[in-house]
Structures are given as structure tokens and as C-alpha cells.
Novice: 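First the structure, then my questions, so here it is.
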Amino acid sequence: MVHQVKVANSGRTFAVHEDESILDAALRAGIRIRYGCRRGKCATCKHWVLEGEVDDSEVSRYALLDDEREDGLTLLCQTYALSDCVVELVELGGDDDDTAAPLPTARNAWLGDLAQVATSLWSLTLELDEPMAFLPGQYIEIEVPGAPGTTRSYSIASPPSQTQRIDLLLKRYEHGAFSGQLTALAPAAPMRLEGPFGEMYLRDSDRSVLLVGTGSGLAPLLGIARHLADVDPTRGVRLVYGARDESEVPFTRELERLSHVMEDLQVTITLTQPTSTWTGPTGRVQGLLARNFEDGRDLDAYICGPPDMCDDVQLFLEARGVKPSHIHTDGFFAADDDGNGS
């Protein structure tokens with residue numbers, strides 16, 4: 001069964017199959033739409049259904065309040081069309097960039113390099129069967145080996161110039177559906193993935209860039225920095241990264257290399273539980289910014305990591321003059337049985 005969904009804002013119409021969410025169908029049709037994790041947890045894809053019958057029974061009452069549902073709001077990533085529908089999309093927030101993200105597609109891949117780069121962080125490379133276009137900062141979804149239909153989301157750490165080889169950085173959980181299998185994966189193990197996804201990608205502007213992340217949230221920020229090193233090495237970039245201790249900081253040599261390649265890249269690492277030999281900043285990234293950040297009126301900010309951290313940093317930056325439309329976040333929501341989510 002195929003239904004037609006009309007976007008009231010633009011008049012565009014797209015087809016949606018009964019087994020796909022309205023959000024997935026919109027992305028497949030190239031509709032620019034506000035969304036985030038695609039798992040019903042971040043509530044970013046909260047839009048209105050004006051007409052038609054839908055099934056949104058999978059939407060959590062914590063992500064969508066009862067009065068919001070009564071007003072016609074729903075999470076399109078967890079909503080399925082039961083008839084032709086009319087939806088009204090919440091605007092993207094006045095972003096002054098009209099870059100069209102590439103359409104997500106499914107493809108085959110196989111495991112390339114695999115290495116432990118910090119106590120709990122692993123670097124993973126996927127070789128693709130055909131090139132994939134993406135924007136720096138976006139993410140992909142990988143099907144869990146041995147569990148068809150079950151996926152995990154991971155941000156891309158490589159630059160878009162690297163179209164047939166995708167680098168990822170993920171946190172390993174012993175019992176994680178995907179990450180728990182890392183050490184058991186055979187060389188050249190086949191993979192199935194889909195992408196790219198995500199609205200937290202580098203905007204085309206002449207403003208300076210602030211990158212803030214913790215843990216595996218470094219992945220998309222590293223992808224952005226690598227891209228700028230390739231195409232705009234004179235652009236001002238400040239990277240603030242938080243970790244527990246020295247053993248949890250990956251890619252220190254890579255960050256040093258980028259600092260030499262780029263004319264105005266400042267990298268600051270802060271630790272919450274440093275050893276006695278650590279001489280750098282301490283505490284959480286929120287505290288570091290509060291102590292050292294003053295004016296953000298000409299700045300683009302990209303924040304990636306736990307949702308609470310992303311929210312705290314966003315509120316702080318807005319208070320320091322950064323326009324809300326110039327702040328882009330990617331909160332890593334844990335999956336039900338795996339700590340990885342994008």
C-alpha cells in the first residue's frame with residue numbers, strides 16, 4: 001500500500017509506503033525537514049499532521065506530550081501513514097544556508113581497518129561498494145551483523161572528499177548489539193549501511209567555527225575539521241573536547257597534524273578525572289566555555305555528545321550572542337541495548 005503525503009508549507013507531495021515512516025519517505029524524496037536521531041528519542045522531528053489517518057502508537061509519551069498530540073503534533077520518525085495525509089513542517093529555524101543534503105541510500109560495504117584508539121573508543125573504516133556523497137558532520141546507519149533490520153547510528157569522521165571509504169569513531173560496550181561484536185569481526189566482514197543522515201553538517205559561511213564534543217562525539221567534529229583542512233585551511237576553528245582522563249583522548253597526533261595544516265585551529269582538551277601529570281584544563285566542557293568564551297555573534301557552532309551536554313552548551317552560547325540558527329547539535333541517544341546512537 002502506498003499513500004501520498006502533501007507538505008502544506010510547500011505544496012510538494014511524496015509517496016510513503018506502509019512499512020516506512022513518514023520521515024524516511026520525506027528524506028527519500030529529498031524534502032528538507034528538521035530531524036535528528038530518527039529513533040523517537042530526541043523529538044527533533046516534531047511536526048503537525050493536519051489531515052489524514054496515521055499510526056503514531058510507537059511515539060513515546062515522554063517525547064510527545066499529551067497536549068501536543070491533541071494539537072496534531074507527532075514525531076514523523078515514528079509515524080506511519082494509513083491514508084493520504086497533509087503535514088505541516090516546522091521550519092528549520094531560519095538557517096541562512098540552503099545547502100541540500102544528499103539523499104540517503106542503502107549500500108553494501110566491508111570492514112577495512114579496525115583499531116582501538118582510546119580506552120573505550122574504537123576507530124572503524126568501511127570500504128564501500130560505490131561512492132557515497134555526504135556533508136561533513138552527517139551520520140550513517142549500519143545493520144547489526146546477524147540481526148537483519150536492526151541498525152545502529154554512527155557519525156562520519158572522514159571528509160567528504162573520501163567518498164568510497166568511511167571512517168567512524170565509536171564507543172565500545174561489552175554487550176552492545178553492534179559495538180560488542182567489534183573484536184569478533186573478521187577482516188573484510190560484509191556490512192550493510194544506509195546514509196547519509198543528519199542536519200548537523202557544516203554550513204557554507206564565512207563565520208568562524210566552534211566545535212564542541214565529548215567521547216565519540218569527536219567523530220563528526222573531526223570530519224568537519226578534516227574537510228576544512230582540505231578546502232578552507234584559513235578559516236578560524238576552535239575545537240573543545242572533553243574526556244574523563246588522558247587514556248580516553250583519541251587522535252592526538254591527528255589533531256596536532258591538523259593544527260599545523262590549518263592556519264587558525266585551536267584545540268583545547270579538558271579532563272574531568274585527570275592524572276597528577278596532566279597540566280591542561282580540567283572539568284567539563286561547559287565549565288571551560290564559561291571561563292573562556294565571551295562573544296559569539298559571528299560564529300557557527302557544532303555540538304556533539306550526550307543530549308544534556310548539547311543542551312547546556314547551546315543555552316550558554318545563545319546567552320553569549322550566538323544566533324540559535326547558527327547552532328547545530330547532534331545528541332547521542334543510547335539505543336536500548338547499546339550505548340551508541342547519533
Side-chain angles (χ1 to χ4, degrees), residues 1-8 13-29 31-90 92 103-106 139-144 146-155 173 175-179 192-200 306-308 310-311 329-342:
M1 182 73 68
V2 178
H3 299 293
Q4 299 298 315
V5 177
K6 181 178 180 180
V7 180
T13 301
F14 60 94
V16 56
H17 297 272
E18 62 179 4
D19 60 346
E20 69 177 338
S21 69
I22 293 178
L23 174 64
D24 284 349
L27 295 175
R28 178 168 51 79
I31 304 292
R32 266 205 96 186
I33 182 171
R34 193 182 70 175
Y35 74 101
C37 71
R38 297 179 64 244
R39 297 183 183 277
K41 297 187 177 183
C42 70
T44 304
C45 64
K46 193 177 293 185
H47 302 276
W48 283 276
V49 176
L50 303 182
E51 299 178 17
E53 185 179 359
V54 299
D55 176 9
D56 61 356
S57 58
E58 297 182 16
V59 176
S60 166
R61 297 181 64 180
Y62 296 99
L64 185 71
L65 302 179
D66 290 341
D67 57 346
E68 292 178 319
R69 190 189 294 271
E70 292 175 1
D71 288 340
L73 281 168
T74 191
L75 302 187
L76 293 188
C77 71
Q78 303 293 309
T79 300
Y80 301 83
L82 300 178
S83 70
D84 292 349
C85 301
V86 177
V87 299
E88 182 176 344
L89 304 181
V90 175
L92 289 172
L103 298 181
T105 57
Y139 67 89
I140 60 171
E141 291 192 346
I142 303 178
E143 188 171 77
V144 175
T150 300
T151 62
R152 291 294 180 265
S153 303
Y154 297 106
S155 293
Y173 292 83
H175 300 293
F178 182 85
S179 67
R192 183 72 174 167
L193 62 88
E194 187 175 5
F197 297 106
E199 284 291 310
M200 197 206 76
D308 289 347
C310 292
D311 292 343
T329 66
D330 190 356
F332 280 9
F333 288 82
D336 292 337
D337 59 349
D338 194 343
N340 300 284
S342 189

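One is the number of the first residue; the rest follow in order along the sequence. Heavy atoms only: backbone and side chains are in, while hydrogens, waters and symmetry mates are out.
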Novice: If you take all heavy atoms of I31 and F14, which pair is closest and at what distance?
Specialist: CG1-CD2, 4.0 Å

Novice: Between atom CD of E141 and atom CZ of R152, what is the distance when rounded to the nearest 0.5 Å?
Specialist: 10.0 Å

Novice: Checking D66 now: which residues fulfil side chain to side chain donor-acceptor pair (under 3.5 Å) with it, not counting sequence neighbours?
Specialist: R61

Novice: Counting N and O atoms only, with roles assigned by atom type, does the side chain of T329 sit under 3.5 Å from a partner on the main chain of G331, one being a donor and the other an acceptor?
Specialist: no

Novice: Quick one: CG on L73 to CG on L65, what's the gap to the nearest 0.5 Å?
Specialist: 10.0 Å

Novice: Looking only at non-hydrogen atoms, find the nearest pair between C42 and C37 and report the distance.
Specialist: SG-N, 3.3 Å

Novice: For a 4.5 angstrom cut-off between non-hydrogen side-chain atoms, does S153 reach R39?
Specialist: yes

Novice: From E143 CD over to F178 CZ, what is the distance, rounded to the nearest 0.5 angstrom?
Specialist: 11.0 Å

Novice: Could you tell me which non-hydrogen atom of S179 sits nearest to which non-hydrogen atom of Y173, and how far apart they are?
Specialist: OG-N, 3.0 Å

Novice: Could you report the tightest heavy-atom contact between G40 and A63, atom names first, then the distance?
Specialist: O-CB, 3.6 Å

Novice: Out of curiosity, H3 NE2 to I22 CD1, how far, rounded to the nearest 0.5 Å?
Specialist: 9.5 Å

Novice: Who pairs with T74 by side chain to side chain donor-acceptor pair (under 3.5 Å), at least two apart in sequence or on another chain?
Specialist: D56, T79

Novice: Say whether, by atom type as modelled, one donor and one acceptor occur between the side chain of R34 and the main chain of E199 under 3.5 angstrom.
Specialist: no

Novice: Can you name the closest pair of heavy atoms from F197 and E194 and give their distance?
Specialist: CE1-O, 3.4 Å

Novice: Anything under 3.5 Å between a donor and an acceptor, one on a side chain of residues 81-88, the other on a protein residue two or more places apart or in another chain? List them.
Specialist:
unit_1, atom_1, unit_2, atom_2, d
S83, OG, E53, N, 2.8
D84, OD1, Q4, N, 2.9

Novice: Can you measure from OG1 (T105) to CG (L193) and round to the nearest 0.5 angstrom?
Specialist: 8.5 Å

Novice: Knowing that exactly one of V90, L64, L76 qualifies, which makes a side chain to side chain contact (heavy atoms under 4.5 Å, CB included) with K46?
Specialist: L64

Novice: Do you know which two heavy atoms are closest between H47 and I33, and how far apart they sit?
Specialist: NE2-CG1, 3.6 Å

Novice: Going by heavy atoms in the side chains, are Y80 and S21 under 4.5 Å from each other?
Specialist: yes

